[in-house]
Amino acid sequence: MSSAAVTRQSVLHGRAAEEAAVRLLLDRARQGDGGALALLGSPGIGKTAVLDLAVTLAGDFAVLRARGIRQETHLPLSGLHALLHPVAGLIRSHVLTWALRLGRSDGGVALPAALLEFLRELAGAEPVLVCVDDLHLLDAASREALSFAARRVAGERIALLFTAWDAAGLPGELPGDVPVRTLEPLDQAATRTLAAELLPGSLSGDLRGSLERISRGNPLALRELVESLSAEQLAGLAPAPDSLPAHGRLHRAHADRLAGLPEDTRFLLLLLAADPGLDTATLILATEPADPLSVLAPAERAGVIRAEGERYVYTDETVRAVAYAEAPLARRRAAHRLLGDLLGGESRRLARAWHRAVALDGPPERLAAELAAAASTAARHGHPGPSLAYERAARLTGHDASRAEWLAAAARHAWVSADFPRARSLLTWLRRPVASDSSRGQAELMYGRLELLSGNADSARDRLLAAATWLVEHDRLVGVKALLQAAEASYLAGDIRALHAIARQAAVLRRGDDCVAAQLMFEYLEGIAATFSGRHRAAAGPLRRVVELAAGVSSPVTLVWACVASLLLGEDATAIELSARAVDTARRRGAISVVPQLLESMIQAQFWLGRYSSVAAHATEGLRLAQESGQLNAAAQHLAWLAHAAAVQGDAESCRDRAHAAIELAESHGLGIATTLGNWALAHLDLSIGRPAEAAARLRGRHGNDHVVIRVMASPHFIEAATRIGDRRRAAAALRVLERWAASTGSPDRLALVARCRALLAAPGETGELFREALELHRQGACRFETARTQLLYGGALRRERRPGAAREHLHDALETFQRLGAALWSERARTELRASGEAVVHVSPAGDPERLLTAQQLRIARLVADGATNREVAERLFLSPRTIDHHLRNVFVRLGVRSRVELARLLS
């Protein structure tokens with residue numbers, strides 16, 4: 001078999017670093033510099049797969065392979081017998097022969113030395129690879145002999161490769177001086193690649209999320225979950241699985257591991273599984289008069305748990321689930337009853353009520369009421385877990401009204417924590433026993449919110465309007481919030497007419513005694529409707545009041561509206577402050593579902609300030625969170641902002657990849673805002689490479705690309721492109737719209753853009769004064785990138801007026817800024833203008849370390865590749881195409897003067 005074929009057949013997803021380590025071990029052994037390597041990790045994590053890969057790669061080796069078996073751990077030398085049995089006829093050592101035949105060793109150095117000598121004899125003919133899987137299950141004498149050999153193979157054509165469970169459970173069972181590599185769970189990109197390989201075809205977001213959540217990056221867990229799926233689950237007609245298959249190898253492996261522990265240890269492990277937050281003080285009460293530390297010691301030695309501060313935690317959440325599932329129902333209820341009796345204090349009120357409810361420790365109706373009340377208190381204080389508590393209360397009660405109310409609350413809290421599959425499942429249940437208009441409205445509200453996050457914007461608007469109709473009579477504040485979110489759906493779609501209608505509908509609900517949150521929502525709707533109409537001066541008053549009222553609210557969802565108001569007022573620093581406060585509050589409360597939306601406001605503020613590295617960092621985080629939680633609409637906007645950051649850096653491939661992905665996603669979901677953002681990014685790129693006609697065409701209003709707010713924001717680019725192709729009529733019309741908005745903000749950065757655009761449209765004798773006005777305003781502002789763009793345009797105008805000396809002054813400043821910001825294409829444009837002005841410009845590559853030689857994107861790709869990631873895995877992580885990663889990596893190799901991934905890893909280490 002060719003080496004190329006071997007490589008194709010031996011790819012392991014997410015294990016590039018381990019593959020590199022194995023290849024290095026084998027290469028050194030071939031060259032007579034033998035060694036050993038131990039691979040550690042939990043069951044199913046992929047250790048055996050790496051061993052299989054090693055055997056595949058060692059085609060020119062003599063391979064000896066064995067596996068530790070629990071039932072033979074007590075049999076002396078059973079491990080060596082299994083390892084050497086295929087080559088027993090070649091053994092000439094009497095010591096080794098008789099030891100294997102009798103299963104006995106004198107405990108001295110003779111047997112280990114005989115093993116080492118035999119391996120040397122085999123290596124005389126061809127290199128030798130010794131693979132031992134589950135070393136911790138080998139008998140002690142075999143482990144001792146192999147450890148002896150592993151320490152002494154330097155200078156030999158011998159490689160030893162061991163696997164074992166994590167080191168916490170293996171005291172003294174691994175050679176102390178053998179290099180160790182711990183296999184971590186697969187990251188999301190590798191998990192999704194493996195899932196796609198195991199289950200070709202598209203997966204629903206809910207099913208994919210469930211597979212990722214339960215498998216926790218464990219390849220065997222993912223494989224067994226996929227194999228267990230029913231046709232109904234694959235079709236989305238049945239709920240996704242919520243645990244590992246009980247009959248699977250991984251579940252049984254963990255169950256067997258737990259079964260080997262003492263019974264009293266297993267009971268304490270059950271308590272820890274039933275309540276992960278359990279502290280040592282409660283464990284002491286649960287085990288009196290025994291000492292819980294001594295009772296748990298066997299589990300700690302086995303690596304099942306570890307001490308963490310004042311409590312014990314499971315080293316693997318999968319083991320915790322198995323420990324709970326393996327306990328009989330009566331024993332689980334006994335554990336919950338005991339915990340319900342022991343837990344005290346207001347901080348554990350929800351946990352206490354939960355344990356009593358699961359144990360059925362009292363009349364069901366009373367338990368349900370206690371649990372719902374505790375969940376309500378916990379929710380107000382931002383504690384996690386209210387959704388499960390409300391659901392349990394709903395299952396206990398026999399009253400339809402209470403069940404509907406608590407199911408709606410459970411769905412709401414699942415939505416806040418971004419557990420959207422669970423929220424949908426609860427809503428389906430809620431729709432069956434509808435008991436009131438209020439509960440029907442709550443269900444419709446949650447459906448609308450879910451649609452707003454991952455569905456069609458128009459459908460979300462209709463659902464939210466229906467919810468408002470049901471809710472406004474029962475809870476006016478919640479009904480108004482539903483109206484505002486319907487307006488948000490219209491904003492995302494770019495539907496001005498629908499937004500105005502919603503604003504009028506909300507205005508009649510306003511009252512003089514409204515609370516601060518309600519006042520803020522009414523002012524926001526009034527301000528945003530005026531903005532959409534181009535009445536920016538009329539919008540300024542309501543938007544200003546929104547920002548002022550934000551001091552009196554704490555809800556992250558409400559604060560995001562204040563962030564948007566700040567941006568429309570041109571107050572970027574305030575928007576950053578409010579969005580940072582909102583993000584911090586959301587994370588403390590566990591409201592993960594709103595974080596991607598909050599980051600959008602922060603990104604837009606950073607964009608106006610010219611902080612493009614922050615734009616890229618926050619958009620990457622927002623995209624990751626949005627994709628993990630299935631928020632496709634937020635993902636589209638974050639992709640578009642990433643395209644903008646790439647356009648600024650001159651990364652054409654990444655810009656196009658991300659912009660087209662954003663536009664495709666946006667068009668399928670009716671998101672006018674993301675479509676227009678994506679086209680704006682592509683137009684920026686077109687301008688930077690001297691294609692003004694293409695840029696202007698992208699930015700002209702047309703169906704799907706006419707979001708009024710984004711069009712106004714993009715108008716400086718459109719005006720520049722239009723003037724360069726002679727379309728002064730459209731450029732002048734766009735300038736009039738930009739002037740009205742910028743004047744209403746008073747922002748120096750925005751007013752500078754207006755002055756620059758006026759200069760582009762001015763008569764030849766008037767351009768200089770307008771460019772100088774723009775630069776003076778830029779000096780009062782914060783965006784250095786746009787300052788450099790103005791200097792570039794002014795320098796070009798001066799050159800065309802035959803004033804090369806004055807032109808070079810501005811062009812040099814522009815070039816310096818572009819280089820400092822890593823804007824490669826704009827830097828080249830500045831150099832071209834300098835050369836045209838009569839100055840010989842030599843492009844000097846930055847000297848020194850890779851951080852100076854590479855762009856931010858190239859450096860990130862280089863570091864991921866150096867850490868062992870494949871091109872496809874890097875592409876998944878950075879939301880780019882493999883083709884784009886190939887392109888970047890070729891440039892990285894050229895710029896750094898390296899020829900291989902190994903050289904790259906050495907350079908960046």
Side-chain angles (χ1 to χ4, degrees), residues 242 271 273-278 282 285-286 324 329-330 332-417 419 422-446 467 470-471 473-479 555 589-591:
D242 57 6
L271 295 181
D275 192 328
L278 207 59
T282 307
L285 294 175
Y324 188 83
L329 177 60
R332 290 203 298 264
R333 284 185 174 169
H336 284 291
R337 187 176 297 110
L338 176 61
L339 290 169
D341 292 339
L342 293 177
L343 293 175
E346 186 61 29
S347 64
R348 301 308 308 273
R349 181 185 174 194
L350 177 57
R352 185 168 61 252
W354 169 265
H355 290 304
R356 295 191 64 229
V358 176
L360 295 178
D361 192 15
E365 290 299 338
R366 190 184 73 197
L367 292 173
E370 288 177 358
L371 187 54
S376 176
T377 302
R380 286 198 299 272
H381 289 86
H383 294 306
S387 179
L388 289 170
Y390 275 122
E391 182 186 356
R392 173 69 67 169
R395 292 185 183 280
L396 285 172
T397 186
H399 297 143
D400 286 349
S402 296
R403 181 183 300 112
E405 176 188 348
W406 293 337
L407 280 174
R412 184 173 67 254
H413 287 291
W415 173 80
V416 167
S417 61
D419 190 351
R422 219 175 139 267
R424 288 192 181 90
S425 175
L426 290 165
L427 289 171
T428 301
W429 183 15
L430 174 61
R431 279 192 153 190
R432 292 198 296 269
V434 173
S436 67
D437 288 349
S438 175
S439 62
R440 187 182 304 176
Q442 287 285 356
E444 204 64 30
L445 175 62
M446 291 310 307
W470 291 105
L471 289 168
E473 296 296 326
H474 305 277
D475 189 331
R476 192 174 65 92
L477 185 60
V478 176
S555 164
R589 293 183 176 183

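The shortest non-hydrogen separation linking L367 to A357 is CD1-CA, 4.2 Å. Closest approach of A351 and L343 over heavy atoms only: CB-CD1, 3.9 Å. Residues A423 and A411 share a closest heavy-atom pair of CB-O, 3.8 Å. The shortest heavy-atom contact between R349 and T377 is NH1-OG1, 3.0 Å. Smallest separation of non-hydrogen atoms from S387 and A410: OG-O, 2.7 Å. The two residues W406 and A394 make their nearest non-hydrogen contact at CE3-N, 3.9 Å.
Using modelled atom types, one side-chain atom of R403 and one backbone atom of T397 make a donor-acceptor pair closer than 3.5 Å. Not one N or O on the side chain of S402 forms a donor-acceptor pair closer than 3.5 Å with the backbone of G398.
Within 6.0 Å of the CD atom in E365, the count of heavy atoms belonging to other residues, nucleotides or ligands exceeds 12.
Residues satisfying the salt bridge (Lys or Arg N to Asp or Glu O under 4.0 Å) criterion with R412, sequence neighbours excluded, are absent altogether. The side-chain contact (heavy atoms from CB on, under 4.5 Å) test applied to A467 returns E444, L445, L471, not counting sequence neighbours.
Separation of atoms CG (L339) and CG (D361) is listed at 11.5 Å; rounding is to 0.5 Å. In this structure, the separation between CZ on R348 and CG on L278 is 6.5 Å, given to the nearest 0.5 Å. Considering NE2 of H355 and CG of D341, their distance stands at 11.0 Å, rounded to 0.5 Å.
With a 4.5 Å cut-off on side-chain heavy atoms, L388 and R392 do not count as touching. A heavy-atom distance below 4.5 Å is not found between the side chains of T282 and L271. A heavy-atom distance below 4.5 Å is found between the side chains of R356 and R366. For the pair W354 and H336, the minimum side-chain heavy-atom distance is below 4.5 Å.
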